[in-house]
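Presented below is the structure to which this report refers.
Both counts, for ligands and for their atoms, begin at 1 and track the order of listing.
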Amino acid sequence: MTKLPPLREVIARHGLSASKSLGQNFLLDEQLLDRIARVPGELAGERAYEVGPGPGGLTRALLRAGATVTAVERDRRCLPALAELQEAFDGKLRVIEGDALAIDEAREAGQDAHIVANLPYNVGTALLVRWLGGEIWPPWWTSLTLMFQQEVAERIVARPGSSAYGRLAVLAGWRSEARLAMKVHRSAFVPPPKVMSAVVHIVPKPAPEGVRAATLEKLTAAAFGQRRKMLRSSLRSFPGALEALHALGIRPERRAETLGVDEFVAIARRLDKDEHQGLVR
Ligand code: SAM
């Protein structure tokens, strides 16, 4: 492996001034980047998929860890800097110019890839919902290691009863394990964002049987849409939901944030079963 120039020099040489509209906040500390690349575990011989490599700091760290990397970047100004990395890591890096929200990731990245990304904040939650949502489970990816604003990271790993607990926590919790792997101070980024960041690590687990993701999603949208209200009020117009609460012995005076992920799953399962039997209209 040839010695790589410092990231600061790469940014200066390629004129990569950070663009706010593309959510660009670059990480330049190679030790920190190596720590992030260790979050998914041993990457030697593994496939990694990175969204938004920018000047390539995290990309380098993934390549140093021994991964074969597919990276999708929207900002074509970054491509020459990434081409230098491709040369240095002979055949181990493939770069796709494009919008991560528009490409067929599973096909491009390959089955079982570890997704690792310092996400552009403006598309981070949309990508997470896409990776965690849908009826197909287990997913095409092996793990997610994602940088978010700390407040979003806390919502992903939140436990029932906390103010951060809501749709994202249920989405992450019902068929995956999510943990906050590390916090990253705003001063580590160039330019520093207004808020702190954190890396979340997510691995899929078997999905509970008899539940459709779409039903659970609609249920949590209704329940947390009016999170201060009792379930009997927030779920009043949700077909079959109050009957399901009754059948499961869940008191309708409770509020959404007191329900565990298992309870949401049980309600959704009941709704799917009742709908299947033609009991819900
Ligand atoms: N990975 C680099 C790092 O850690 O220093 C850059 C991270 S920066 C927060 C986000 C990157 O995502 C930028 O390079 C930006 O151009 C890119 N980006 C923004 N929107 C994108 C999209 N829809 N698809 C692919 N890349 C995108």
Residue-ligand contact Leu27/ligand 1, heavy atom below 4.0 Å: yes
Gly57 to ligand 1, any heavy atom closer than 4.0 Å: no
State, without any angle test, whether [X] and [Y] hold a side-chain donor-acceptor pair at a distance under 3.5 Å.
X      : Y      : value
Gln150 : Arg186 : no
Glu50  : Thr59  : yes
Thr142 : His114 : no

Would you indicate which of [options] comes nearest to [atom] when only heavy atoms are counted?
atom                    : options                     : answer
atom 19 (C) of ligand 1 : Leu22, Val72, Leu16         : Leu22
atom 6 (C) of ligand 1  : Ala117, Pro193, Gly52       : Gly52
atom 15 (C) of ligand 1 : Glu73, Glu97, Met147, Arg77 : Glu73

Report, in ascending order of atom number, the atoms of ligand 1 lying under 4.0 Å from any heavy atom of [X].
X      : answer
Gly98  : 24 (N), 25 (C)
Asp75  : 16 (O)
Asn25  : 7 (C), 8 (S), 9 (C)
Gly54  : 14 (O)
Glu50  : 1 (N)
Ala100 : 22 (C), 23 (N), 24 (N), 25 (C)
Asp99  : 22 (C), 23 (N), 24 (N)
Gly23  : 8 (S), 9 (C), 10 (C)

Single-linkage hydrophobic cluster Leu58~Phe89, side-chain heavy atoms < 4.5 angstrom: yes
Transitive ILVMFWY side-chain link Trp174 to Leu245, under 4.5 Å: yes
Is any side-chain N of the basic residue among [X] and [Y] closer than 4.0 Å to the acidic one's carboxylate O?
X      : Y      : answer
Arg64  : Glu30  : yes
Glu105 : Arg130 : yes
Glu84  : Arg13  : yes

Which residue and heavy atom of the protein sit nearest [atom], plus the separation:
atom                    : value
atom 20 (N) of ligand 1 : Pro120 CG, 3.6 Å
atom 2 (C) of ligand 1  : Pro53 O, 3.3 Å
atom 27 (C) of ligand 1 : Arg74 CB, 3.8 Å
atom 13 (C) of ligand 1 : Gln24 CG, 3.5 Å

Ligand 1-proximal atoms of Cys78, by part, heavy-atom distance under 4.0 Å: neither
Spacing of CG belonging to Leu93 relative to CD belonging to Gln86, to within rounding of 0.5 Å: 4.5 Å
Value rounded to 0.5 Å, distance of CZ in Arg38 from CG in Leu33: 11.0 Å
Parallel, tilted or perpendicular: rings of Tyr165 and Phe224 (30°, 60°): perpendicular
Aromatic contact, Phe148 with Tyr121 (centres under 6.0 Å): no
N/O separation below 3.5 Å, Asn118 to ligand 1: yes
